[in-house]
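The figures that follow rest on heavy atoms only: side chains count, while hydrogens, waters and symmetry mates do not.
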Amino acid sequence: VQLQASGGGAVQPGGSLRLSCVASGRTITTYTMGWFRQAPGKEREFVAAIRWETGKTYNKYYADSVRGRSTISRDNDKNTVWLQMNSLRPEDTAVYYCVARPGRPILSAMKQPETYNDWGQGTLVTISS
């Protein structure tokens, strides 16, 4: 699938952003979708994923660094995934990438970038006062 991410921007610490990812080319119903980020000078890291389980059942997974502050969601009819981020911190500054892969990756692979076949172009999030 092709992925188009948007919603990044510059906000002050404590603020919120909602990132969107629109998929095209295939319906994402049986895809696991997620978000990674890469800060300047750092490696790409897992942020969140919503894994297809079976039928229309999905489970959500978060990095420790964003758990409790972020929510990943999806609407298959719109072929769209969102990442709602609250209580943003300067260390959340990064380029955020939407990712996708068909099926249900094993848990140990969920946080590995190589697990995901498709990547969006990235959207920049800057948290600064």
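By the salt bridge (Lys or Arg N to Asp or Glu O under 4.0 Å) test, Glu53 is found to be paired with Arg51, Arg104, residues two or more places apart in sequence or in another chain being considered.
At least one side-chain heavy atom of Lys60 sits less than 4.5 Å from a side-chain heavy atom of Thr71. Tyr62 has its side chain out of reach of Val47: every pair of non-hydrogen atoms, C-beta onward, lies at least 4.5 Å apart. Counting heavy atoms from C-beta outward, Leu83 and Val81 have side chains that stay 4.5 Å or more apart. A 4.5 Å side-chain heavy-atom check between Arg44 and Tyr97 finds at least one atom pair inside the cut-off.
Here CD of Glu43 is found 14.0 Å from CZ of Arg37. Values are rounded to the nearest 0.5 Å. Interatomic distance, CD of Gln38 versus OH of Tyr96, reported as 12.0 Å (0.5 Å rounding). Interatomic distance, Asp118 CG to Cys98 SG, rounded to the nearest 0.5 Å: 9.5 Å. Distance CD1/Ile127 to CG/Leu88: 4.0 Å, rounded to 0.5 Å. For the atom pair CG (Asn59) and OG1 (Thr54), the distance works out to 11.5 Å, reported to the nearest 0.5 Å.
Without hydrogens or angle criteria, Thr80 side chain to Lys78 main chain gives a donor-acceptor distance under 3.5 Å. Side-chain N or O atoms of Arg69 include one that pairs as donor or acceptor with a backbone N or O of Ser87 at under 3.5 Å. Using a distance-only test at 3.5 Å, with no hydrogens or angles considered, no donor-acceptor pair links the side chain of Asn117 to the main chain of Arg101. Put simply, the side chain of Thr32 gets close to the backbone of Trp52: a donor and an acceptor are under 3.5 Å apart.
No continuous path of ILVMFWY side-chain contacts below 4.5 Å connects Met33 to Leu107, so the two sit in separate hydrophobic clusters.
Residues Asp77 and Asp75 share a closest heavy-atom pair of N-OD1, 3.0 Å.
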Which atom pairs, one a donor and one an acceptor, fall under 3.5 Å between side chains of residues 2-30 and the rest of the protein, sequence neighbours left out?
residue, atom, partner, partner atom, Å
Ser16, OG, Asn86, OD1, 2.9
Ser20, OG, Trp82, NE1, 3.4

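Looking at Arg67 and Asp64, a side-chain N of the basic residue comes within less than 4.0 Å of a carboxylate O on the acidic one, giving a salt bridge.
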Test log, rule side chain to side chain contact (heavy atoms under 4.5 Å, CB included), inputs Met85 and Val125: CA-CA 11 Å; Met85 301 188 296; Val125 171; 4.1 Å; yes
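Sorted by first and then second residue, the ring pair (Phe, Tyr, Trp, His ring centres under 6.0 Å) pairs with a member in residues 10-38 read Phe36-Phe46, Phe36-Tyr116, Phe36-Trp119; sequence neighbours excluded.
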